[in-house]
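Worksheet for the structure shown next.
Here is the naming used below: chain letters follow the sequence lines, and residue numbers restart at 1 for every chain. Since the structure is predicted, the reported quantities are computational estimates derived from the model, not experimental observations.
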Amino acid sequence: MDKIYDHKKEREIYNLWEKSGAFKEKPGAKPYTILMPPPNANASLHAGHAMYTVDDIMIRYKRMQGYSALWIPGMDHAGFETQYVYEKQLAKEGKSRMDFDRETLYKNIFDFVKGNSGLIFEQFKRLAFSADWDRAVFTLDKNVTDSVFETFKRMESEGLVYRDDYIVNYCVHDGTSLAELEVKHVERTDPLYYIKYPTLNDKDYIIVATTRPEPIFVDTHLAVNPADKKNSHLIGTRVKNPLTETEMEIIGDEFVDPDFGTGIVKLTPAHDANDYLVAKKHNLPIISAIDWNGRVREIGGKYAGMKVKEAREAILKDLKEKGLVDHIDESYVHSVLTCYKCGHDLEPMTTPNWFIKVKDLKEKVRQVVEDDKVRFYPPKFKRHILAWLDIMHDWPISRQIVWGIKIPVWYKVDKNSDLQVSFIDKNRVKKFGNINDFDFKEVERGLQSVRASANAQYVVSNQKPDGKYLPETDTFDTWFSSGQWPMVTLKEEEFTTRFPTNFMATLSDILKFWISRMILFSLYLKNEIPFKDVYLWSMVADAKGVKMSKSKGNVVNPIELVDKYGADALRISLLYGTPAGSKVILSDNKVRGMRNFCNKIWNLGRYLQISFQETNISLDKPKSFSKEDEEILSELSNLIKTVTQSLDKYQFNFAIEALYEFVWHRLADVYVEKTKQRISEKDPAALYTLRHTFFTSLILLHPFAPFVTEAIWKELKDLRNHPDENLITSSWPIV
RNA sequence: GGUCGCAUAGCUCAGUUGGUUAGAGCGUUGCAUUCACAUUGCAAAGGUCCCUGGUUCGAGUCCAGGUGCGACCACCA
């Protein structure tokens with residue numbers, strides 16, 4: 001054995017494991033199953049993925065306990081994220097999404113992703129992850145999309161799916177609605193206009209503060225807070241719209257802040273998320289003033305066709321002439337929603353979306369969480385998920401992007417005369433308008449998007465029905481498919497043996513997006529929870545405790561640390577001092593320290609090898625031990641207990657800390673030092689104790705530091721009294 | 001602003017139902033070393049356990065208030 005452990009040989013060990021079939025399930029044994037949270041197919045490994053180490057530790061631990069351990073890996077198409085990355089690349093080539101019909105665009109993104117995928121699995125292998133790679137699932141595999149389709153079909157037939165208008169943040173510049181993820185909140189100083197609304201007899205007026213005077217002409221109502229003493233008497237009274245002079249009623253609703261402006265607000269439900277909710281609640285008309293190109297609609301009369309900013313100026317000019325602008329506060333600071341791609345202000349717009357009714361579905365989720373059928377580590381996340389379930393509203397599942405699973409719905413053209421389409425025509429010119437104004441075949445061929453009204457007639461089908469049908473061009477929200485992850489990764493017969501799965505570990509910020517949805521779908525589709533235990537950590541941070549992010553430039557590439565110090569050192573660093581739920585600190589110094597620990601283990605092995613040289617010692621257990629032998633043996637049996645129990649409770653930090661303490665500061669620093677004389681004299685009890693203690697420690701260490709322990713296992717082949725060829729499949733000591 | 005949570009060494013965290021001198025890793029300092037390991041060993045420094053008050057024989061631990069921080073939600077016309 002070399003003086004220093006060489007982690008460059010890790011790859012050979014990994015190949016050996018893989019060839020031995022160790023990652024495969026073990027027929028006949030009791031099943032233990034973990035599903036890997038699927039990383040983005042397009043992604044490269046980041047520090048968060050390295051935390052999948054906890055999955056690998058559990059899988060290795062259970063495998064050594066004799067279970068039929070199976071870790072199923074996979075990748076997610078990550079709809080919006082991926083399309084965004086792809087579009088950035090397109091932009092570099094001077095192109096945009098708008099230059100392609102949807103089929104071509106989808107195919108291009110598919111090729112783009114294919115070029116990058118596989119990389120992350122290779123990186124997982126560098127980290128020693130012992131997943132069954134032959135079982136890998138991609139969320140756009142046909143069996144997945146088929147199964148997602150079946151779920152949608154069933155939900156639709158049971159009345160759980162509906163269409164409704166929904167307020168989205170729309171970027172007029174990029175021509176797309178943006179997910180919450182893409183919205184950038186920018187603090188900005190804008191004028192706040194105080195507008196006079198005349199009473200019906202024109203003798204008096206009330207004043208309303210607004211940053212957005214341009215859609216006033218569609219406003220039909222004002223609102224005050226019923227608890228607001230100075231304004232509550234206005235409820236039920238009427239004023240005149242300052243532009244159109246039509247009558248407006250003042251309603252009462254708690255959402256109004258009495259201290260903002262004058263305590264009276266105008267409602268523009270079609271272009272403001274709050275107003276939209278209030279309008280829904282009070283059943284007020286929702287009238288759109290601005291079209292998808294960011295121009296005033298025909299309803300705007302003389303302002304029709306103007307861009308939002310032009311209209312604002314024109315309207316203010318007119319209001320000023322009428323003497324209806326009380327004053328303007330030029331120093332109003334507020335936060336504005338902008339497009340994180342182009343920086344333009346976003347226009348809240350209503351558009352028809354597909355929704356899932358969650359009321360009944362989420363009640364079932366609440367039940368299993370409350371009853372601890374699904375348990376959380378640390379337990380505080382039980383409260384988090386329950387709080388989220390409280391506010392969870394109906395789920396808009398449609399996204400206006402190409403990269404995803406198509407919503408399997410078709411619109412018959414002659415039953416929906418108001419279908420709006422955009423497409424690339426035969427001369428490669430982009431066209432937009434009503435379907436009946438174009439040649440159907442041409443539209444079908446170059447189709448980019450179809451917009452059907454909320455009450456459109458449709459058929460649910462995976463295949464195009466016969467006749468003149470256009471497809472729904474929205475795709476499913478990524479969480480709609482990844483929420484069904486447990487259902488699409490297991491084989492049909494495994495639902496009787498491997499379901500619910502045992503363990504799910506992920507980052508706590510997707511608790512509500514992903515964990516809650518997996519439970520929801522699993523209860524709906526299988527009437528069973530998807531997993532028993534959920535383990536969460538909060539984030540991966542740098543040496544200073546600052547969250548790693550690209551914008552801060554403090555991102556550590558785990559693979560670089562593996563290159564430098566070895567996978568084992570990285571794995572131990574991630575777990576040492578990291579209880580469930582806490583920040584994961586990844587610093588070069590810490591990894592180096594753990595590399596030193598790995599070398600310590602290696603050198604204990606080397607010491608053992610040297611000690612047993614030219615020793616014809618019987619491997620049998622001696623009859624009597626000295627005091628220090630008995631001490632270390634009794635500590636060893638405590639260690640087995642501690643490590644086993646800690647792993648059973650997912651207290652990885654306790655387990656590795658106990659191992660570190662024992663191996664380094666008890667076995668190496670104390671026992672080995674005390675017995676050097678006896679070892680050199682070939683004392684059988686000392687040799688036996690040393691060997692037994694070391695090999696047992698090696699087994700306990702293996703889930704945490706698989707490479708170095710396996711390497712020593714091979715080096716000391718002739719010294720072991722364990723029959724197992726590979727440490728990865730040798731047996732865990734009995735407590 | 002609402003809800004929940006957190007506050008212990010320079011940093012990240014342990015500290016189990018209240019019970020002697022509050023611990024670990026990493027970092028810092030000093031000394032040693034041809035020993036399995038300098039990727040080492042030995043030793044040291046470093047804490048008013050956020051503040052104030054309370055309960056108790058006894059509080060890092062329980063209670064109340066304050067302060068600071070974080071997460072999520074709403075981010076306000």
Legend entry - Non-hydrogen atoms of A:M594 and A:S573 that approach each other most closely: CG-OG, 3.5 Å
Legend entry - Distance-minimising heavy-atom pair for A:L659 and A:F597: O-CZ, 4.2 Å
Would you indicate, yes or no, if [N] has its OP1 or OP2 atom less than 4.0 angstrom from a side-chain nitrogen or oxygen of [X]?
X	N	value
A:W664	B:C37	no
A:H665	B:G23	no
A:K590	B:C13	no
A:N274	B:C75	yes
A:N596	B:U40	yes
A:R606	B:C37	yes

Tell me whether the guanidinium CZ or amine NZ of [X] lies under 6.0 angstrom from the six-membered ring centre of [Y] and within 45° of its axis.
X	Y	value
A:K196	A:Y205	yes
A:K676	A:Y607	yes
A:R517	A:W395	yes

Inset, instruction - Kindly indicate whether the side chain of A:K3 and the base of B:C37 share any N or O donor-acceptor pair separated by less than 3.5 Å? - result: no
Legend entry - Residue whose nearest RNA chain B nucleotide is more 5′ - A:G593 or A:V256: A:G593
Legend entry - Position toward the 5' end of RNA chain B (nearest nucleotide), A:Y576 or A:L604: A:Y576
Within the 4.0 Å heavy-atom criterion, would you say [X] contacts the bases, only the backbone, or no part of the nucleic acid?
X	answer
A:D669	sugar-phosphate
A:M1	nothing
A:E673	base
A:Y5	nothing
A:A223	nothing
A:I4	base
A:V672	base

Whole Å only: how far is the [atom1] atom of [X] from the [atom2] atom of [N]?
X	N	atom1	atom2	value
A:K600	B:U39	NZ	C1'	10 Å
A:Q677	B:C35	CD	P	16 Å
A:F652	B:A14	CZ	C1'	17 Å
A:I601	B:U40	CD1	P	12 Å
A:E657	B:C26	CD	P	11 Å
A:W388	B:C72	CH2	P	12 Å
A:R595	B:U40	CZ	C1'	12 Å
A:I656	B:A14	CD1	P	17 Å

Tell me which nucleotide among [options] gets nearest to the side chain of [X].
X	options	value
A:T211	B:A77, B:A36, B:G27	B:A77
A:N589	B:A14, B:C76, B:G27	B:G27
A:Y660	B:G25, B:U39, B:A36	B:G25

Inset, instruction - Using modelled atom types only, decide if a donor and an acceptor are shared between the side chain of A:N241 and the backbone of A:T244 within a distance under 3.5 Å. - result: yes
Legend entry - Backbone N/O of A:D275 and side chain of A:D272: donor-acceptor pair under 3.5 Å: yes
[atom1] gap between [N] and [M], integer Å:
N	M	atom1	result
B:U20	B:C26	C1'	30 Å
B:U34	B:G46	P	32 Å
B:C62	B:A71	C1'	26 Å
B:C6	B:G65	P	15 Å
B:A14	B:C50	P	14 Å
B:A45	B:G25	P	16 Å
B:G15	B:A7	C1'	15 Å
B:U3	B:A64	P	16 Å

Inset, instruction - Please state whether the rings of A:Y660 and A:Y576 are parallel, tilted or perpendicular, taking 30° and 60° as the class boundaries. - result: perpendicular
What is the pairing partner of [N], taking Watson-Crick or G-U wobble pairs with both distances under 3.5 Å in any strand?
N	result
B:U40	B:A32
B:G1	B:C73
B:A7	B:U67

Tabulate protein N/O versus nucleotide N/O from nucleotides 2-6 of chain B, keeping only pairs under 3.5 Å, one per line.
none

Inset, instruction - Give a yes or no on whether A:Y194 atom OH has more than 12 heavy-atom contacts from other residues, nucleotides or ligands under 6.0 Å away. - result: yes
Legend entry - Check: A:Y377 ring centroid to A:Y650 ring centroid under 6.0 Å: yes
